[in-house]
Asker: 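Encoded as structure tokens, here's the structure I'll be asking about.
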Amino acid sequence: MPSRTAPVTRKGERLARPRPLSSTLVTKTVRTVDELKQLVRDYSRFEEFAFDVETVASRHVRSLQTPERKLLSRYAERTALCPSCGQPLPPRRRTYCSDVCQKAAAKDKPALDTRTNTVWCISLAGPGRSDVVPCGHPDSRRQLHRTDVFEALEPLFFSDRRKVNQNVGFDLLSISKYYDDELPPPPYGDVMTLVFLINENLGRYNLGSLSHRYLGYEYAEKLGEEAYRVEFERAMRYSITDAKMAWMLWWKISPRLTEKTRQKLAFLFDLEMDVLEVLLDMRRTGAFVDFQGFRDLHPTLVKQLNDTGAEIKQMVGHEINLNSTQQLGKYLYDELGLPCLWITETGQRSTAAAALKVLARRHKAPRKILAYKDVSKLLTVYVAGFMPHIDDDSRVRASFNQAVAKTGRLSCSAPNLQNIPARYRENTEGTMIRQLFVAPPGKVLIVADYSQIELRILAHQTKDRLLVYAYKHELDLHLQTASLIYKVPQDQVNVEQRAIAKNSNFNLAFEGGPGRIREMSGISLTEAEKVYNAWHEAYPGVKKWGKWVKRSCFERGYVETLYGRKRRLPDISSSDNRLRSYAERQAVNHPIQGTAADIAKIGIVQVHRALQGLDAALTLQIHDEFIVECAERDVDKATAKIREAMEDIRLRGRPVLDIPLEVNIGVGANWSEAK
DNA sequence: ATGGGTAGCGCG
DNA sequence: AAAGCGCGCTACCCAT
């Protein structure tokens, strides 16, 4: 294990603030160990520096094939089989059975896999200079050895200097391989996250568009992993530009963090960098799944889908692609002559589940189609689409992104672990996928989620008397709502009334209308209107607050969460009714959803800290729900610490809400069981 | 072949 | 008069 002795910082010895940036940074290519040593000495004087690594995939195709299937396909080469998963090709598919398989077979995709990629170049940038250190580009010219480079750079990376980059997490993970999987410590300075806090509406946050916007500098080179294969000088130029741009953007924008008038921004940025640390750790761990379970499920669902499909096609009487909304529409509305109740935004006749459910009363086809869609979704997204993301150690390392959701929530991709099926379903066992998220041997899963956090925030924000009352006295809010709507005592509320009240609470709170209630509860529109009116009569503070938020948004151009996370909504003053109404609903939603996101972020950082020293690790975050895998002997300690860490959320030293935060915790062998 | 837009649907 | 917001992934479809 290499030593981790960070150079002692004697405050004031380093440059307090780097000297002004010249328009052209001096750029050097490092060729010898001596030059490298000098470079490290030079950068040691800086409090913060930018860095960027270039990587290349070490591994190419991730095969979906099981050993048996591989053997089988060897003898069945003549029949059309998907080279990725080995399944027979569906009609209209040429080489791969699905886009997922095609992507899985795409060569360069795994370069993004920070566990297996190889670093072949590192560039650094600081005040007035930028340097590039090639260490593995396929060029005959002399380059430094990778091990020498990482050894020499260690005092820089493993120090309390701020490490700046665009999407710094990727680079940190990429280099951690060369330090026994240890991540360089904070502080971090992620440019993308900083810019996102300042303006969440840019759409694109890549270096090219950011440097164009903030530095007036345009560069078009988009090599990505291709950089490895281009001519040396060009590859070096490409590598250094990213570090340079990251540094210049940080230089330009980060001073805002120290402005007295922007303390909320500074708080949120520090929070995001703390969250980043947690996310990197989560990605290093990964979520353990039952790989064999997925492999077993695949053929079962394929058969189920084929059977259902064949049945429907027989009913239809001719060839039809059941995945095509157009063909489905023709069949339902032209051939069967069923009444069209909804059209889509572009005027197409809707074949969505809601429409099919209504049509099911008049014909048996729609119900079958619903069943087909159910199975199809499960198979394509959650089984076939999921398996390529499972690593060889049976773990899934998804990417949690901090600069996507404008309310400040995390988003999750490759694969998205925040939309794994959970609810009851008629045609497929709704929780079957969650059952495959299991605890590794000797461990259990702890699932902790905030109870009704958005409604609690709504109560806090609106100060509505009865909403606050319910939560302060730990009452059943849905029951209270039912009692208020139907004007009956709480002990006389029936199951159906409570269900409608529950839907009302979740929908009407965020500017939902009567139509929404009708749809969710299956009651008539007049009935739904009554509920709508009664609900707002019971909780008058909600509409009042909504009006105030819209007005304030109109005046300032933005709304914000309790922690000051802003959402700029220029459409709030649009003359287009549709646009303005949309912005108004977003304005009302943001302080709720965004505050919940802030709380969850503070919570996950506190949980991460609280679990240090225990045999327990965070693996997933699903907005208001955290999943921890934990050794059985540490479960009691862990649950207590998790609860404390999640419930004790403060703002300026005081509890963030007037009403308590409540956390539900479950323990089990798999995600479904623990919930 | 590849990219963008649309419809649809999974979650909180 | 009528009104949910926030995401990511898949397949289809049509244009380049």
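Throughout, a chain's letter reflects where its sequence line sits, starting with A, and its residues are numbered from 1. Since this is a predicted model, take the numbers as computed values, not measurements.
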Asker: Taking atom P of C:dT10 as reference, at what distance in whole Å does atom CG of A:Leu378 sit?
Answerer: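 That distance rounds to 13 Å.
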Asker: Does A:Val588 reach a base, just sugar-phosphate, or nothing at all? Heavy atoms under 4.0 Å.
Answerer: nothing
Asker: Answer with yes or no after comparing the ring centroid distance for A:His478 and A:Phe506 against a 6.0 Å cut-off, counting only values under it.
Answerer: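 Under 6.0 Å, so yes.
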Asker: Mind calculating the distance between CH2 (A:Trp671) and P (B:dC11) to the nearest angstrom?
Answerer: 10 Å
Asker: NA contact type, A:Ser350, heavy-atom cut-off 4.0 Å: base, sugar-phosphate, or nothing?
Answerer: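 Since only primed, P, OP1 and OP2 atoms lie under 4.0 Å of A:Ser350, the category is sugar-phosphate.
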Asker: Under 4.0 Å, heavy atoms only, any strand: does A:Ala597 hit a base, just the sugar-phosphate, or nothing?
Answerer: nothing
Asker: Who are the side-chain contact (heavy atoms from CB on, under 4.5 Å) partners of A:Gln402, not counting sequence neighbours?
Answerer: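 In terms of side-chain contact (heavy atoms from CB on, under 4.5 Å), with neighbours along the sequence ignored, A:Gln402 is linked to A:Glu272, A:Val275, A:Leu276, A:Leu279, A:Leu410.
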Asker: For B:dG8, take OP1 and OP2 only and decide whether either is under 4.0 Å from a side-chain N or O of A:Lys373.
Answerer: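 So the side-chain polar atoms of A:Lys373 never come under 4.0 Å of the phosphate oxygens OP1 or OP2 of B:dG8.
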Asker: Which pair of non-hydrogen atoms, one from A:Gln418 and one from A:His623, has the smallest distance, and what is that distance?
Answerer: OE1-CE1, 3.4 Å
Asker: I'd like to know whether A:Arg565 forms a side-chain contact (heavy atoms from CB on, under 4.5 Å) with A:Lys406, so could you lay out the CA-CA distance, the side-chain angles of the two residues, the decisive distance to 0.1 Å, and finally the verdict.
Answerer: CA-CA 9 Å; A:Arg565 188 187 298 271; A:Lys406 295 183 178 69; over 6 Å; no
Asker: Can you tell which of A:Leu618, A:Val438, A:Ile446, A:Leu445 makes a side chain to side chain contact (heavy atoms under 4.5 Å, CB included) with A:Glu629?
Answerer: A:Leu445
Asker: Over 60° means perpendicular and under 30° means parallel, so classify the ring planes of A:Phe294 and A:Phe386, tilted if in between.
Answerer: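 Answer is parallel, since the angle falls under 30°.
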Asker: Using a heavy-atom cut-off of under 4.0 Å over every strand shown, decide if A:Asn401 touches base, sugar-phosphate, or nothing.
Answerer: nothing
Asker: By side-chain contact (heavy atoms from CB on, under 4.5 Å), which residues pair with A:Val404, not counting sequence neighbours?
Answerer: A:Asn401, A:Ser411
Asker: At a cut-off of 3.5 Å, list every protein nitrogen or oxygen paired with a nitrogen or oxygen from nucleotides 2-5 of chain C, distance to 0.1 Å.
Answerer:
unit_1	atom_1	unit_2	atom_2	d
C:dA3	N6	A:Tyr532	OH	3.0
C:dG4	OP2	A:Gly513	N	3.2
C:dG4	O4'	A:Phe510	O	3.1
C:dG4	O3'	A:Arg585	NE	2.9
C:dG4	N7	A:Asn507	OD1	3.3
C:dG4	N7	A:Arg516	NE	3.1
C:dG4	N7	A:Arg516	NH2	2.9
C:dC5	OP1	A:Arg585	NE	2.6
C:dC5	OP1	A:Arg585	NH2	3.1
C:dC5	O4'	A:Asn589	ND2	3.4
C:dC5	O2	A:Gln593	NE2	3.0

Asker: Near DNA chain B, which residues from residues 619-629 of chain A have a heavy atom under 4.0 Å away?
Answerer: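 Residues of residues 619-629 of chain A that come under 4.0 Å of DNA chain B are, in numerical order, A:Ile622, A:His623, A:Asp624.
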Asker: Counting just side-chain N and O atoms, does A:Arg425 come under 4.0 Å of either OP1 or OP2 of B:dG10?
Answerer: yes
Asker: B:dG12 P sits how many Å from A:Asn416 CG, rounded?
Answerer: 11 Å
Asker: Would you say a side-chain N or O of A:Thr351 is under 4.0 Å from OP1 or OP2 of B:dG8?
Answerer: yes
Asker: What's the closest nucleotide to the side chain of A:Lys675 if the choices are B:dG10, C:dA11, B:dG12?
Answerer: B:dG12
Asker: Report the distance from atom CD of A:Glu319 to atom P of C:dC12, rounded to the nearest whole Å.
Answerer: 12 Å
Asker: So, for A:Phe288 and A:Phe437, is the gap between ring centers shorter than 6.0 Å?
Answerer: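 That pair fails the under 6.0 Å test.
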Asker: Tell me whether the side-chain N/O atoms of A:Ser411 come closer than 4.0 Å to OP1 or OP2 in C:dG8.
Answerer: yes
Asker: Measure from NZ or CZ of A:Arg295 to the centre of the six-membered ring of A:Phe291, then state whether that distance is under 6.0 Å and the direction lies within 45° of the axis.
Answerer: yes
Asker: Just call it for A:Gln326: base, sugar-phosphate, or nothing, with non-hydrogen atoms closer than 4.0 Å on any strand.
Answerer: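 Counting heavy atoms under 4.0 Å across all strands, the contact made by A:Gln326 is with sugar-phosphate only.
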Asker: Roughly, in whole Å, what's the span from CG in A:Leu322 to C1' in B:dC9?
Answerer: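 After rounding, the reported distance stands at 17 Å.
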Asker: So what does A:Arg434 touch, heavy atoms closer than 4.0 Å: a base, only the sugar-phosphate, or nothing?
Answerer: sugar-phosphate
Asker: Using whole Å, report how far CG of A:Asp449 lies from C1' of B:dG12.
Answerer: 10 Å
Asker: Does A:Arg556 make a cation-pi contact with A:Tyr558, if we ask for NZ or CZ under 6.0 Å from the ring centre and within 45° of the axis?
Answerer: yes
Asker: Is the backbone N or O of A:Gly541 less than 3.5 Å from a side-chain atom of A:Asp464, with the two atoms forming a donor-acceptor pair by type?
Answerer: yes
Asker: Heavy atoms only: give me the nearest A:Val542-A:Thr462 pair and the separation to one decimal.
Answerer: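 Closest pair (atom of A:Val542, atom of A:Thr462, distance): CA-CG2, 3.9 Å.
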Asker: In whole angstrom, give the distance that lies between atom CD1 of A:Ile592 and atom P of B:dG12.
Answerer: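 Between P of B:dG12 and CD1 of A:Ile592: 19 Å.
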Asker: Between A:Asn419 and B:dG12, is there a contact of a side-chain N or O with OP1 or OP2 at under 4.0 Å?
Answerer: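 Checking B:dG12 against A:Asn419, no side-chain N or O comes under 4.0 Å of OP1 or OP2.
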Asker: Could you spell out the base pairing of DNA chain C in dot-bracket, with Watson-Crick or G-U pairs whose two distances are under 3.5 Å, [ ] crossing and | to another strand?
Answerer: ....||||||||||||
Asker: Under 4.0 Å from OP1 or OP2 of C:dC12: is there any side-chain N or O of A:Ser324 that close?
Answerer: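 No, no such contact exists.
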Asker: List for me each residue that meets side-chain contact (heavy atoms from CB on, under 4.5 Å) alongside A:Asp307, sequence neighbours excluded, and say none if there are none.
Answerer: A:Lys303
Asker: Could you state the atom-to-atom distance from CD of A:Gln348 to P of C:dC14 in whole Å?
Answerer: 10 Å
